[in-house]
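Note that these values count all heavy atoms, side chains included, but never hydrogens, waters or copies made by symmetry. Fair warning: this is a prediction, and the values are worked out from it, not measured in the lab.
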Amino acid sequence: MQDAPAEDSGARITDEAGDVTGRVRQVITRLGCSQREFARRIVMDPSKLSRSLGGTRRFALAEIVRIADIGGVDTGWLLGAPERPTAAAPGREPAAVPEGGRPLQIVRETVRLIAEHGFHGVRVADIAAACGTSPAAVHYHFPGRDELLEAAVRWCMDEDTARRAAGLAEAPDARAELLHLIALQTPRSEQQRRQWLVWLDLWAQAARSTAVGQLHEHYYRQWRATVADVLRRGIDQGVFRPVDPEFTALRLTALIDGLATQVLATAPDSTGPDTMHAALLAFVASELTAA
């Protein structure tokens, strides 16, 4: 992927008086959504948004740009300028805003292109073309390479979390919850394969970048904790043997990773989704299911 312009992707906004924070809060109130939902819309870590609103972290310039885009306000107003209505250029219809806003469109197309070509095989110009905009507009929202990768991974995780929550709510017990998680991690659909391919690129980047490595560790810790919580509930319900939840979650997630990599990297007539799913069910039956 092409490098970003010389702009400092980590530039922070000075807000000693709290004016920027106050206006961001106004945007969230106008949209009528929770802070967590707002963080999802602007593709931002909810904890970072919370710290920024609480005054212990300063907003990055790129974050302010995305907040303005999703909130439908002027960036200058967020930074302290008087609010004023924006007008379309004479003789031109206002450009249609993509569903979910431009930042989310950029992230979705980034995920698709990374899955198809690999992170280093994707140029900002390719993302811009897929979104019907300019490379400058992509850099405007996501100045740096790591920011784009982080946003792509965050979007995949948010999508996975939403599907996971829907299935867990309907599961009668922890065993059904675990089988639901296993089904979600088996790369059968196009979307599941895309998300796994993005994960593979994340692993490769994490081995070479401290910043990306921290991102990988953060999400992986969340994923293992989710599996461990399900195992713990299953033990309490009597549907699982009294195993060590954390260590068993480590073993199971490692098995999922290895099998998924084989599914994605081998010939269609070798390890496939059905074989992977059967192996994971065998693990549940032999290692977890109570007698």
Side-chain angles (χ1 to χ4, degrees), residues 1 40 43 104 107-122 126-127 130 148-171 175-207 212-213 215-231 248-288:
M1 183 175 290
R40 187 193 68 81
V43 201
L104 195 53
V107 169
R108 286 172 175 166
E109 290 304 312
T110 299
V111 169
R112 180 180 66 81
L113 291 169
I114 289 175
E116 292 177 359
H117 306 290
F119 187 62
H120 288 290
V122 178
D126 299 325
I127 299 171
L148 269 171
L149 181 58
E150 178 179 354
V153 172
R154 180 170 298 285
W155 183 80
C156 288
M157 288 293 294
D158 286 346
E159 290 289 295
D160 186 54
T161 299
R163 287 194 297 272
R164 186 188 305 162
L168 296 185
E170 300 174 358
R175 185 178 186 280
E177 291 181 19
L178 185 61
L179 296 184
H180 172 68
L181 294 180
I182 286 173
L184 286 179
Q185 296 303 311
T186 305
R188 297 185 186 276
S189 69
E190 181 180 4
Q191 181 60 32
Q192 287 171 317
R193 292 182 65 86
R194 281 181 182 175
Q195 291 185 356
W196 267 109
L197 288 167
V198 171
W199 268 112
L200 292 181
D201 265 55
L202 176 69
W203 288 340
Q205 287 291 107
V212 178
L215 172 67
H216 170 269
E217 194 274 337
H218 170 72
Y219 281 119
Y220 218 83
R221 184 173 63 248
Q222 286 186 338
W223 165 231
R224 281 199 298 264
T226 296
V227 176
D229 287 344
V230 171
L231 295 175
T248 305
L250 173 65
R251 293 174 60 205
L252 179 54
T253 54
L255 180 60
I256 290 172
D257 293 342
L259 288 168
T261 302
Q262 290 184 44
V263 171
L264 294 168
T266 57
D269 59 349
S270 183
T271 305
D274 289 339
T275 302
M276 171 180 174
H277 193 249
L280 294 172
L281 294 184
F283 178 92
V284 173
S286 63
E287 302 291 328
L288 297 173

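- The shortest distance between side-chain heavy atoms of Val263 and Arg193 falls below 4.5 Å.
- Gln195 places no side-chain N or O within donor-acceptor distance of the main-chain N or O of Val111, the cut-off being under 3.5 Å.
- Here the NE2 atom belonging to His216 is positioned 11.5 Å from the CZ atom belonging to Arg221, to the nearest 0.5 angstrom.
- Listed by chain and residue number, nothing satisfies the side chain to side chain donor-acceptor pair (under 3.5 Å) test with Thr275 (two or more places apart in sequence, or in another chain).
- Rounding to the nearest 0.5 Å places OG1 of Thr110 at 3.5 Å from CD1 of Ile127.
- Taking 4.5 Å as the limit, every side-chain heavy atom of Leu197 sits out of range of all side-chain heavy atoms of Asp201.
- Exactly one of Leu281, Ile256, Ile182, Thr261 qualifies for a side chain to side chain contact (heavy atoms under 4.5 Å, CB included) with Met276. That residue is Ile256.
- Counting only heavy atoms from C-beta outward, the side chains of Leu184 and His180 approach each other to under 4.5 Å.
- Applying the salt bridge (charged side-chain N to carboxylate O under 4.0 Å, His left out) rule to Asp126 yields the partners Arg123; only residues at least two apart in sequence or on another chain are considered.
- In terms of heavy atoms, Val122 sits closest to Ile114 at CG2-N, 3.8 Å.
- Residues Leu178 and Leu252 meet the side-chain proximity criterion, which asks for heavy atoms closer than 4.5 Å.
- Rounded to the nearest 0.5 angstrom, Thr186 OG1 and Trp196 CH2 are separated by 9.0 Å.
- Scored by the side chain to side chain donor-acceptor pair (under 3.5 Å) test, Glu116 finds Arg112 as partners (sequence neighbours excluded).
- Scanning for salt bridge (charged side-chain N to carboxylate O under 4.0 Å, His left out) contacts around Arg224 gives an empty result, with sequence neighbours left out.
- Put simply, CD on Gln192 and CG on Leu264 are 10.5 Å apart, with the number rounded to the nearest 0.5 Å.
- Taking the salt bridge (charged side-chain N to carboxylate O under 4.0 Å, His left out) definition, one finds that Arg251 meets it with Glu287, sequence neighbours left out.
- One finds the CG atom of Leu250 at 11.0 Å from the CG atom of Leu255 (value rounded to the nearest 0.5 Å).
- Here the CG-OG1 distance, from Leu181 to Thr253, works out to 11.5 Å after rounding to the nearest 0.5 Å.
- The two residues Ala279 and Leu259 come nearest to each other via the heavy atoms CB-CD1, 3.9 Å.
- For Pro273 against Pro187, the heavy-atom pair with the smallest separation is CG-O, 3.6 Å.
- Residues passing the side chain to side chain donor-acceptor pair (under 3.5 Å) test with His277, sequence neighbours excluded: none.
- Inter-residue side-chain proximity for Gln185 and Trp223 is flagged as met; some heavy-atom pair is nearer than 4.5 Å.
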